[in-house]
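Below: one structure, written as C-alpha cells.
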Amino acid sequence: MDRPHRTRSLLAALTAALLAVPGITVLSSAARAADADLARNGGFESGLDGWSCTAGTAVGSPVHSGAAALQATPAGSDNAQCAQTVSVQPDAQYTLSGYVRGSYVYLGAGGTGTTDVSTWTQSAPDWQRLTTTFRTGPGTTEVTLYTHGWYGTGAYYADDISLTGPGAGTAQPPAAPTGLLTGTVTSSGVALSWSAVTGATGYAVYRDGVKVQTVSGTSATVGGLAAATAYSFQVTAVNDAGESAKSATVTATTSAGSGDGGTSDLPAHALVGYLHATFANGSGYTRLADVPDSWDIIDLAFGEPTSATSGDIRFDRCPVTECPNVESDADFKAAVKAKQAAGKKVLISIGGANGQVQLTTTAARDTFVSSVSKIIDDYGLDGLDIDFEGHSLSLDADDTDFKNPKTPVIVNLISALKTLKARYGSDFVLTMAPETFFVQMGYQYYGTGQWGGQDPRCGAYLPVIHALRDDLTLLHVQDYNSGPIMGLDNQYHSMGGADFHIAMTDMLLTGFPVAGDAGNVFPPLRPDQIAIGMPASVNAGNGHVAPAEVTKALDCLTKKTNCGSYATHGTWPALRGLMTWSVNWDRFGNWEFQKNFDSYFG
C-alpha cells in the first residue's frame, strides 16, 4: 500500500540530483511555455520574405507542409545558401530544425557565441528532418540560421525551418505611421511623406495594397506609374519585432504628361516587324515598299559596329550579289518617306545576334551617338531599336542595384540613348527587344549574385529599361529562343504555348522583385509600352506558336478570358500589340502572323 509514496520520493530525489549537477537545467512547464519559434517565414509561405538567398526561390511543389517550400540550386562556386538573422537571448538553449530534400543539404546556425553548429544529409530522396541544438554565449543577441547545398549537386529543397527557444524580449512592432501626405505628382511618379514613428527602423510603402518599396527615412517617391491613372498608397513602420498595421490611405492621380515616348501617333494596337535590310537568308529579300500596310513599325535589321567596343555603327544595305532584287538607295529612301506618309514608323535596329555592342568607354558612347545619328539623318528614320544580344550587356560584380547602375557598358548606353532622345525630341521612337534572360530572368537572379558565380548577364537590361522608362516607346521582349523562365507564380514556364507569353508579359505589366528581394521591385511598365515578341513561323526561331495560341494570349491579357494555368495580376486592354521576327519570314509563311493580328484587332 506504500508504493505510490515510495515512487514520489524517488522522483523527488532524482530531480534534486539533476539540479545539483552543473550545466543541467530542469525547465518548469511555465518556462517551456515561454519558448517560441523565432524563425521568420520558416515555411516560405511568404516567398523569401525574411531570407537572404544567393540562388533560391519559393516553389509550390514539392512541399513538406503548407503551400510553399524553398528551392535553391548551387551553381559554379555558389552553394545556394539561404540565411536569416534572428534575435535571441544570451546564455540560452535553442533547438534548430527543418525538413529537407536533395543531395548534400545542410542546416546550421552561426554567430552563436559558443560553438557554431550544423547538421546535414548526404541524400534525402524524400523529406527528412534535420535538427541540432546550441547554447548562446553570454553576450550573444543574434544568431544566423542558414541552409545550403553543395557545389554541382543540383537543386535542394527546405521547408518548415524553426528555431525554438526563449524570445529576445518583449519588443513589439511599432505603431502605424500617421500624417501620410502626397507631394509632387508627375506623369510617372508620386512623392510621399509621413511622420516618424518611435522605435521604427524603417518603413514599407504600399501601392494599391502591394508592397513596392522599403526606405529608412520618412519620405519616398513611387515611380514607374502610368500617366493619368489613380493610385492609392499606404505606409507601415518596421522594426526587429515586425511590421505595424498600415497607415490611413492617400490617393493621387498622375498627370497626363507631355512626354509619351513617341506613342501619341501610333495606333492603339500596333504590329511591329523586323525587315532583313542588310542580309538575305532562306526567307528571301523583301523590299521596303512591298511591306504591307498592316505593319505599323518596321525595324531595319541591322546596324552593326565596326568592332564590338568601337561604338561605330554602320548600316550596310544588302549587296546585289546576295540580294539580287535589292532596291537602290534612292528607292529605299523613297520607300521610307512613303511609309511615313502612310503613318508608319521606320527605325534602325542596332545589334542582332551577330552585332555585339559594348560601350566600354565614354569615347565609344560618343561615337555611338554620332554614328547612329548619321544613319537616322541619312535615311530620314523615325527612331531607334536596341536589340543587344549575346555579351553586349553584362553587370560588374559590384553592380547590384538596377536603379543605380555603375557598370560602364550599362551607364554609357543609358547616357547615349538619353542623348539621342534629347537630340530628336519627344517624337523620337525608342524601342527595345531584349531576350527573356536579360529581363524576366532578373526575378530570380541579378548579375553575379551576392556570392558570385552567376552569369553576369542575368537581368542586365533592367537598369537600361528602368532608366529610360519615360522615354521608351515600346518594349518587346523576345519570347522565343528562350529557356524555361520562372513567372510570378514561382513556376517555370516554357515556350510553345499561350501560357509562356501570358506569364512573361504579366511580369512586365505587374512588376517584380529583382533577385527575389521584396524591397527592390522593378516597377511595371504601361500597357501601351508593351508588345509581345513572337516568331512569325517555325522557320523564324524556336518558340513559334500557332495563331490560336496567339489569340489565347491576347484574350487572357486584354480581356482575362481564355486563360490557361497562369493567373494574371490584371487586365490590360491597352496592351500595344505584337512584335515578330520577321516580316520576311511572315511573307515566306503566306503572312499568317499578320493575318491573325489583323483579324484579332480589326
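These numbers come from the heavy atoms of this one structure, side chains and all, not from hydrogens, waters or symmetry mates.
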### Message
Treating Asp296 as the side-chain partner and Lys344 as the backbone partner, does any N or O pair qualify as donor plus acceptor under 3.5 Å?
### Response
no

### Message
Could you check whether Lys595 pairs with Glu592 (Lys NZ or Arg NE/NH1/NH2 to Asp/Glu carboxylate O, under 4.0 Å)?
### Response
no

### Query
So, the side chain of Ser371 versus the backbone of Ile313: is there a donor-acceptor pair under 3.5 Å, distance only?
yes

### Task
Verify the neighbour count for atom NZ of Lys339: are there more than 12 heavy atoms of other residues, nucleotides or ligands below 6.0 Å?
yes

### Query
When the ring planes of Phe428 and Tyr424 are compared, do they come out parallel, tilted or perpendicular, using 30° and 60° as the limits?
parallel

### Task
Could you tell me whether the side chain of Gln356 and the main chain of Ala308 form a donor-acceptor pair under 3.5 Å?
no

### Query
Is there side-chain contact between Tyr206 and Val212, with heavy atoms separated by less than 4.5 Å?
no

### Query
Should the heavy atoms of other residues, nucleotides or ligands under 6.0 Å from NZ of Lys560 be counted, would the total exceed 12?
yes

### Task
Please determine if Lys403 and Asp401 form a salt bridge, counting it only when a charged side-chain N lies under 4.0 Å from a carboxylate O.
no

### Query
Cys556 versus Ile502: any side-chain heavy-atom pair under 4.5 Å?
yes

### Task
Please work out which of the three classes, parallel, tilted or perpendicular, describes the rings of Phe593 and Trp295, given edges at 30° and 60°.
parallel

### Full working for side chain to side chain contact (heavy atoms under 4.5 Å, CB included) between Leu347 and Leu381
CA-CA 6 Å; Leu347 317 182; Leu381 304 179; over 6 Å; no

### Query
Given side chains that start at C-beta, do those of Val336 and Leu288 come closer than 4.5 Å, heavy atoms only?
yes

### Query
Should the pair Arg317-Asp329 be classified as a salt bridge under the 4.0 Å nitrogen-to-oxygen rule?
yes

List the atom pairs, with distances to 0.1 Å, where a side-chain N or O of residues 432-442 and a protein N or O form a donor-acceptor pair under 3.5 Å, not counting sequence neighbours.
{"from": "Thr436", "atom 1": "OG1", "to": "Ser482", "atom 2": "OG", "distance (Å)": "2.7"}
{"from": "Gln440", "atom 1": "NE2", "to": "Met504", "atom 2": "O", "distance (Å)": "3.2"}

#### Entry: Heavy-atom check, side chain of Ile297 versus side chain of Leu266, under 4.5 Å
yes

#### Entry: His544-Trp581 aromatic ring centre distance below 6.0 Å
no

## Note on the structure
In short, Leu395 meets Cys458 closest at the heavy-atom pair CD1-O, 3.8 Å

### Task
Return yes when atom CG of Asp377 has more than 12 non-hydrogen atoms of other residues, nucleotides or ligands closer than 6.0 Å, and no otherwise.
yes

### Task
State, yes or no, whether a side-chain contact exists between Asp479 and Met495 at a heavy-atom distance under 4.5 Å.
no

### Message
Ignoring hydrogens and geometry beyond distance, is a side-chain donor-acceptor pair present between Asp506 and Thr568 at under 3.5 Å?
### Response
no

### Query
Does some side-chain heavy atom of Leu472 sit less than 4.5 Å from a side-chain heavy atom of Ile465?
yes

### Summary
Note: Ser394 and Thr407 closest approach over all heavy atoms is O-CG2, 3.4 Å

### Message
Is it the case that the side chain of Glu327 and the backbone of Phe332 share a donor-acceptor pair, with hydrogens and angles ignored and the cut-off at 3.5 Å?
### Response
no

#### Entry: CD1 on Ile532 to CG on Leu557, rounded to 0.5 Å
5.0 Å

### Message
For a side-chain hydrogen bond (donor to acceptor under 3.5 Å, both in side chains) check, start with the C-alpha distance between Asn354 and Glu304, then their side-chain angles and the critical distance, and finish with the verdict.
### Response
CA-CA 8 Å; Asn354 298 322; Glu304 297 181 358; 5.1 Å; no

### Under 3.5 Å donor-acceptor, Gln444 side chain and Ala55 backbone
no

### Message
So, using salt bridge (charged side-chain N to carboxylate O under 4.0 Å, His left out) as the criterion, who are the partners of Lys406 when residues are at least two apart?
### Response
Asp398

### Query
Is there a donor-acceptor pair closer than 3.5 Å between any side-chain N or O of Asp299 and the backbone N or O of Ile348?
no

### Query
Are Arg469 and Asp471 within salt-bridge range, i.e. N to O under 4.0 Å?
no

### Message
Applying side chain to side chain contact (heavy atoms under 4.5 Å, CB included) to Thr551 and Asn596, what does each step give before you reach the verdict?
### Response
CA-CA 8 Å; Thr551 297; Asn596 189 60; 3.7 Å; yes

### Query
So, Arg587 side chain and Thr286 main chain: donor-acceptor pair closer than 3.5 Å or not?
no

### Query
Hey, what do you get for OH (Tyr446) to OG1 (Thr448), rounding to the nearest 0.5 Å?
10.5 Å

### Task
Assess whether side-chain hydrogen bond (donor to acceptor under 3.5 Å, both in side chains) is satisfied between Ser294 and Asp598, documenting all intermediate values.
CA-CA 7 Å; Ser294 294; Asp598 289 343; 2.7 Å; yes

### Query
Is Lys333 positioned over the aromatic face of Tyr379, cation under 6.0 angstrom from the ring centre and no more than 45 degrees off axis?
yes

### Query
Does any non-hydrogen side-chain atom of Pro573 lie less than 4.5 Å from one of His269?
no

### Query
Could you state the interatomic distance from CH2 (Trp585) to OG (Ser537), rounded to the nearest 0.5 Å?
6.0 Å

### Query
Can you list the residues that meet the salt bridge (charged side-chain N to carboxylate O under 4.0 Å, His left out) rule with Glu389, with sequence neighbours excluded?
none

### Task
Indicate whether any N or O donor in one side chain lies under 3.5 Å from an N or O acceptor in the other, for Asp555 and Tyr600.
yes

### Query
Just checking, is any N or O donor in the side chain of Tyr274 or Asp385 under 3.5 Å from an acceptor N or O on the other one?
yes

### Query
Do Phe402 and Phe522 have ring centres separated by under 6.0 Å?
yes

#### Entry: Nearest heavy atoms of Gly282 and Phe588, plus distance in Å
O-CE1, 3.6 Å

### Donor-acceptor pair, side chain of Thr580 and main chain of Met534, under 3.5 angstrom
yes

#### Entry: Approximate separation, where rounding is to 0.5 Å, of Leu420 CG and Arg423 CZ
6.5 Å

### Query
Should Val477 and Ile530 be marked as a side chain to side chain contact (heavy atoms under 4.5 Å, CB included) after you check the CA-CA gap, both sets of side-chain angles, and the distance that decides it?
CA-CA 9 Å; Val477 176; Ile530 301 297; over 6 Å; no

### Message
Pairing donors with acceptors under 3.5 angstrom, does anything connect the side chains of Asp499 and His493?
### Response
no

### Query
Is it true that Arg314 and Asp316 have a side-chain N and a carboxylate O under 4.0 angstrom from each other?
no

#### Entry: Ser582 side chain to His276 side chain, donor-acceptor N/O pair below 3.5 angstrom
yes

### Check: Pro319 main-chain N/O paired with Glu322 side-chain donor or acceptor under 3.5 Å
no

### Query
Just by modelled atom types, is the Gln594 backbone N or O under 3.5 Å from a matching donor or acceptor in the Asp586 side chain?
yes

### Query
Checking side chain to side chain contact (heavy atoms under 4.5 Å, CB included) for the pair Tyr443/Val514: CA distance, chi angles, key distance, verdict?
CA-CA 5 Å; Tyr443 176 51; Val514 175; over 6 Å; no

### Task
Would you give the length of the straight line joining atom CG of Asn520 to atom CD of Gln213, rounded to the nearest 0.5 angstrom?
9.5 Å

### Query
Under 4.5 Å between any side-chain heavy atoms of Ile350 and Phe302, yes or no?
no

### Query
For the residue pair Val583 and Trp591, what are the closest heavy atoms and their distance?
O-CZ3, 3.7 Å

#### Entry: Rounded distance [0.5 Å steps], OH in Tyr480 versus CG in Asn542
11.5 Å

